[in-house]
Amino acid sequence: MFQILICEDHLEDIKHLSHLIHNAFAQENISYHLTILNEKSGLDFKNYDLIFLDIQLTSYNGIQLGHLIRRQCPKIPIIITSLYAEYLQQGYLIEAKRYLLKPISFLDFQRVFYDVILGDCKQQKALTDLRISPYKIYYKDVYYVEFYDRHTYLYLKHKKYRTTYSLSYWKECLSFYDFGQSYKAFLVSYRHIADLTHDKKDILLTNGVSIPLSKKYKASFMKGYLHYLQCSQ
């Protein structure tokens, strides 16, 4: 699930940005969780995938908060928002990915959504779970996930990782990262598909592995794959 933090203290701006986020993620059928910065959420930013930061905050100094985020998370995408164009220029101090001038238009948000969220975030996001591996596993490097013998296995080009998580867990976790279910025991990365067999009963991956494609999942899998191809152009 994609984790988003909004650092904003104007209620109407929070509602408007939340609405834009909801529509964009719903359109792409991506699950997400939205957090609004407050005393309860705290100042630990390590668990977020994307942060919207208003430069002018009542409770915090926006630039100082941005530096704090950068110290904790050097690579997390930060999108600066402001009512005044001159404040947007300060975003370079915290290496902001994009800038959005309020009131944020639908078209401006869509550009950021497809460029940053569907583009950069997918490339940078990695699994960090010491129960699986002491090292980061980048989602873009996973070719497919298989369930058998009460375990799930993540297959990379030259490695395989065993996990105790269910296939349904990985299905939800990987939904944002261009994976589709091709068979009752398989999730496949669209980015690593080389071709389909002539009878369309098997998927050929770029590492030479063949994965079954069942009738039950074929329609939804192909719909997801075609959508991936369209967004990749």
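Count residues from 1 along the sequence. Basis for what follows: all heavy atoms, side chains included, without hydrogens, waters or symmetry-related copies.
By the ring-ring contact (aromatic ring centres under 6.0 Å, His included) test, Tyr225 pairs with Tyr190, sequence neighbours left out. Under the rule for a salt bridge (Lys or Arg N to Asp or Glu O under 4.0 Å), the partners of Asp108 that lie at least two apart in sequence or sit in another chain are Arg111. Checked against side-chain hydrogen bond (donor to acceptor under 3.5 Å, both in side chains), Ser189 has no partners two or more places apart in sequence or in another chain. Taking the salt bridge (Lys or Arg N to Asp or Glu O under 4.0 Å) definition, one finds that Arg131 meets it with Asp129, sequence neighbours left out. Under the ring-ring contact (aromatic ring centres under 6.0 Å, His included) criterion, Tyr161 pairs with no residue, sequence neighbours left out. In this structure, Phe106 has no ring-ring contact (aromatic ring centres under 6.0 Å, His included) partners at least two apart in sequence or on a different chain. Scored by the side-chain hydrogen bond (donor to acceptor under 3.5 Å, both in side chains) test, Gln72 finds no partners at all (sequence neighbours excluded). Considering only residues two or more places apart in sequence or on other chains, Tyr48 meets the ring-ring contact (aromatic ring centres under 6.0 Å, His included) condition with none of them.
No donor-acceptor pair under 3.5 Å is formed between the side chain of Arg98 and the backbone N or O of Val116. In this structure, Asn61 contributes its side chain and Gln64 its backbone to a donor-acceptor pair below 3.5 Å. Here the side chain of Arg70 pairs a donor or acceptor atom with the backbone of Ile76 at under 3.5 angstrom. A distance-only check finds a donor-acceptor pair linking the side chain of Asp9 to the backbone of Thr58 [under 3.5 Å]. Between the side chain of Ser182 and the backbone N or O of Pro212 there is at least one donor-acceptor pair closer than 3.5 Å. A donor-acceptor pair is defined here as one N or O able to donate and one able to accept, closer than 3.5 Å; such a pair exists between the side chain of Asn207 and the backbone of Val209.
Side-chain contact check for Ile193 versus Thr206: every heavy-atom pair is 4.5 Å or farther apart. The shortest side-chain heavy-atom distance between Ile203 and Leu205 falls under the 4.5 Å cut-off. Within the 4.5 Å cutoff, the side chain of Leu43 has heavy atoms near those of the Leu68 side chain. Ile4 has its side chain out of reach of Thr35: every pair of non-hydrogen atoms, C-beta onward, lies at least 4.5 Å apart. At least one side-chain heavy atom of Tyr177 sits less than 4.5 Å from a side-chain heavy atom of Phe2.
Counting heavy atoms of neighbouring residues, nucleotides and ligands inside a 6.0 Å radius, atom NZ of Lys218 exceeds 12 of them.
What you find for Glu146 and Phe186 is that their closest heavy atoms are OE2-CZ, 3.4 Å. Across Ala96 and Ile80, no two heavy atoms sit closer than the pair CB-CG1, 3.4 Å.
Aromatic ring orientation, Phe25 versus Phe113: perpendicular (interplanar angle above 60°, classes split at 30° and 60°).
Listed by first then second residue, pairs satisfying salt bridge (Lys or Arg N to Asp or Glu O under 4.0 Å) with a partner in residues 167-180 read Lys122-Asp178, not counting sequence neighbours. Legend: side-chain hydrogen bond (donor to acceptor under 3.5 Å, both in side chains) pairs involving residues 10-22, not counting sequence neighbours, sorted by first then second residue: Glu8-His10, Asp13-Lys102, His19-Asn23, His22-Tyr32. Screening residues 198-208 for salt bridge (Lys or Arg N to Asp or Glu O under 4.0 Å), with sequence neighbours left out, gives no hits.
Between Leu187 and the choices Thr152, Leu154, Ile211, Leu167, the side chain to side chain contact (heavy atoms under 4.5 Å, CB included) rule is met once, by Leu167.
Cluster membership check: Leu130 does not share its hydrophobic cluster with Leu156, using side-chain heavy-atom separations under 4.5 Å among Ile, Leu, Val, Met, Phe, Trp and Tyr.
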Exercise answer: donor-acceptor pairs, residues 137-145 side-chain atoms, under 3.5 Å, sequence neighbours excluded:
none

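Taking the ring axis of Tyr155 as reference, the NZ or CZ atom of Lys160 does not stay both within 45° of it and closer than 6.0 Å to the ring centre.
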